[in-house]
Asker: 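Dropping the structure in here first, questions after.
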Amino acid sequence: MDVFKLGDKILDLLEMVFGFWNNQIGMIFALLGQSPTTFKGGGPWKVIMDIEPTFVAVGSSLVVLFFVIGFCSESVDVKEELRFESILRMLMRLGIAEWLVTKNVTIMRAFFTSVGRLVGLLSAGESTTLTINAEQAEIIKGLGFGESLIMLILAALLSIIVIICGFFMVYTVYFRFLKLLVLVPFGALAFSTTGGNRMVSSTAVSYSKYFLSVLLEAVTMALAIIVCNAFINAGLPAFTGDYADWAKTLIYLCDMTFTVALTVGSVKGAQVLTSKALGL
């Protein structure tokens, strides 16, 4: 009898979980497209900006120190180094280093805006929404009482996993903001090393690479979420065509949970993936 079939209950539960997941994904995309300057109403950024002048003052002082270190380590013949072109090159290096120290926040803001707009373009379509496959929905509705009861219990357990994964993804996105905000003041110190020789200025290169990897982590996260959602929206694999309805439902629920967990893993490792892909 239809009254003993729980397929509709399973679908209602899945729709609720998918709705929660879509809400979390929507919030995550909104956060990924947001600049650290406007995060939490700009409160954390204001704290960083109050601290920034101290780091700029220290960085400006270090520019001279690193310049002297670089000059002494590279100078073999003082007379040779005092030629016009050599002096001009040193002054240019000193000026560029000082400019980077004082303008590093302005440069970072431009990168924040560019990455935010790129994430906004990625999330503009419907590919970020998770939906129940229509064919699979019909299979779930047709399950018998015993089969649907077992699947309902399993769906409840898997729903808890999906909810936990959703909160963990939000935590990962928040942690990215924390890393960016903490990185900003150190830019003045890192860029002060550009006034020195190649060995000293490698600090600025390392800082820039790490900053870009954390910043572009948002793009990798967005791509991972879109692709993993497409996995679930695609329905069951082709090899399940001859399987019983209960087996198809079991595979669908497990595939959904596995893909959600895969999404969390991809988001968690987005920085490492970005670093390796771009050589940062």
Side-chain angles (χ1 to χ4, degrees), residues 24-56 58-59 62 100-123 128 164-194 201-228 261-280:
Q24 295 294 96
I25 294 301
M27 182 173 64
I28 288 171
F29 270 106
L31 289 172
L32 292 178
Q34 194 174 24
S35 170
T37 59
T38 57
F39 179 63
K40 291 284 185 178
W45 181 259
K46 184 178 183 302
V47 173
I48 296 299
M49 289 299 96
D50 291 340
I51 300 172
E52 176 68 14
T54 304
F55 282 82
V56 171
V58 175
L62 290 176
L100 288 173
V101 169
T102 56
K103 298 294 184 180
N104 72 94
V105 174
T106 304
I107 298 172
M108 291 179 188
R109 281 176 175 170
F111 278 103
F112 292 154
T113 303
S114 300
V115 171
R117 289 178 178 175
L118 180 56
V119 172
L121 291 174
L122 292 175
S123 60
T128 60
I164 294 173
C165 289
F167 282 116
F168 190 78
M169 286 180 60
V170 174
Y171 161 79
T172 305
V173 174
Y174 266 69
F175 186 58
R176 171 184 172 269
F177 274 110
L178 177 62
K179 288 190 290 185
L180 283 174
L181 290 170
V182 172
L183 275 173
V184 169
F186 286 101
L189 304 182
F191 288 125
S192 66
T193 62
T194 55
S201 61
S202 62
T203 302
V205 176
S206 299
Y207 174 85
S208 300
K209 287 182 176 181
Y210 184 72
F211 173 78
L212 287 175
S213 69
V214 176
L215 184 62
L216 294 174
E217 185 181 3
V219 179
T220 307
M221 287 180 179
L223 290 173
I225 292 170
I226 291 172
V227 173
C228 288
L262 182 65
T263 306
V264 175
S266 301
V267 169
K268 181 66 177 176
Q271 184 190 339
V272 176
L273 179 61
T274 306
S275 300
K276 290 184 177 180
L278 301 179
L280 299 176

Asker: Measure the spacing between CG of Leu180 and CZ of Phe175 and express it to the nearest 0.5 Å.
Answerer: 10.5 Å
Asker: Give a yes or no on whether the ring-centroid distance for Tyr174 and Phe39 is below 6.0 angstrom.
Answerer: yes
Asker: Pairs in or reaching into residues 211-221: which pass side-chain hydrogen bond (donor to acceptor under 3.5 Å, both in side chains), with residues at least two apart or in two chains?
Answerer: Thr220-Thr274
Asker: Which heavy-atom pair separates Phe191 from Val101 by the least distance, and what is that distance?
Answerer: C-CG2, 4.0 Å
Asker: In Å, rounded to the nearest 0.5 Å, how long is the span from CE of Met221 to CG of Leu32?
Answerer: 6.5 Å
Asker: Would you say Tyr207's side chain and Leu183's backbone share a donor-acceptor pair under 3.5 angstrom?
Answerer: yes
Asker: Given side-chain contact (heavy atoms from CB on, under 4.5 Å), test Lys40 with Phe177 step by step and report yes or no.
Answerer: CA-CA 10 Å; Lys40 291 284 185 178; Phe177 274 110; over 6 Å; no
Asker: Between Thr193 and Leu189 (side chain of the first, backbone of the second, donor and acceptor by atom type, cut-off under 3.5 Å), is there such a pair?
Answerer: no
Asker: To check you understand the geometry: which heavy-atom pair defines the closest contact between Cys165 and Ala261, and what is its length?
Answerer: SG-CA, 4.3 Å
Asker: Looking only at heavy atoms, which two atoms of Leu181 and Pro44 are closest? And how far apart?
Answerer: CD1-CB, 3.6 Å
Asker: Give the intermediate values and the outcome of side-chain contact (heavy atoms from CB on, under 4.5 Å) for residues Thr113 and Arg117.
Answerer: CA-CA 6 Å; Thr113 303; Arg117 289 178 178 175; 3.7 Å; yes
Asker: What's the separation between atom CE in Met169 and atom CE in Met27, rounded to the nearest 0.5 Å?
Answerer: 9.5 Å
Asker: Search all heavy atoms of Gln24 against all heavy atoms of Gly166 and return the closest pair with its distance.
Answerer: NE2-O, 3.4 Å
Asker: Enter the distance from Leu215:CG to Tyr210:OH here, rounded to the nearest 0.5 Å.
Answerer: 12.0 Å
Asker: Look up atom OG1 in Thr203 and atom CZ in Phe186, then write down how far apart they are to the nearest 0.5 Å.
Answerer: 13.0 Å
Asker: Which pair of non-hydrogen atoms, one from Gly33 and one from Val119, has the smallest distance, and what is that distance?
Answerer: N-CG1, 3.9 Å
Asker: Ile48 versus Phe55: any side-chain heavy-atom pair under 4.5 Å?
Answerer: no
Asker: Determine whether Val105 and Trp45 make a side-chain contact, defined as any pair of heavy atoms from C-beta on separated by less than 4.5 Å.
Answerer: yes
Asker: Please find the pair of heavy atoms, one from Val184 and one from Glu52, that lie closest to each other, and give the distance.
Answerer: O-OE1, 3.9 Å
Asker: As a quick check of understanding, evaluate side-chain contact (heavy atoms from CB on, under 4.5 Å) for Phe168 and Val267, giving each step before the final call.
Answerer: CA-CA 10 Å; Phe168 190 78; Val267 169; over 6 Å; no
Asker: Roughly how far apart are Thr263 OG1 and Ile25 CD1, rounded to 0.5 Å?
Answerer: 7.0 Å
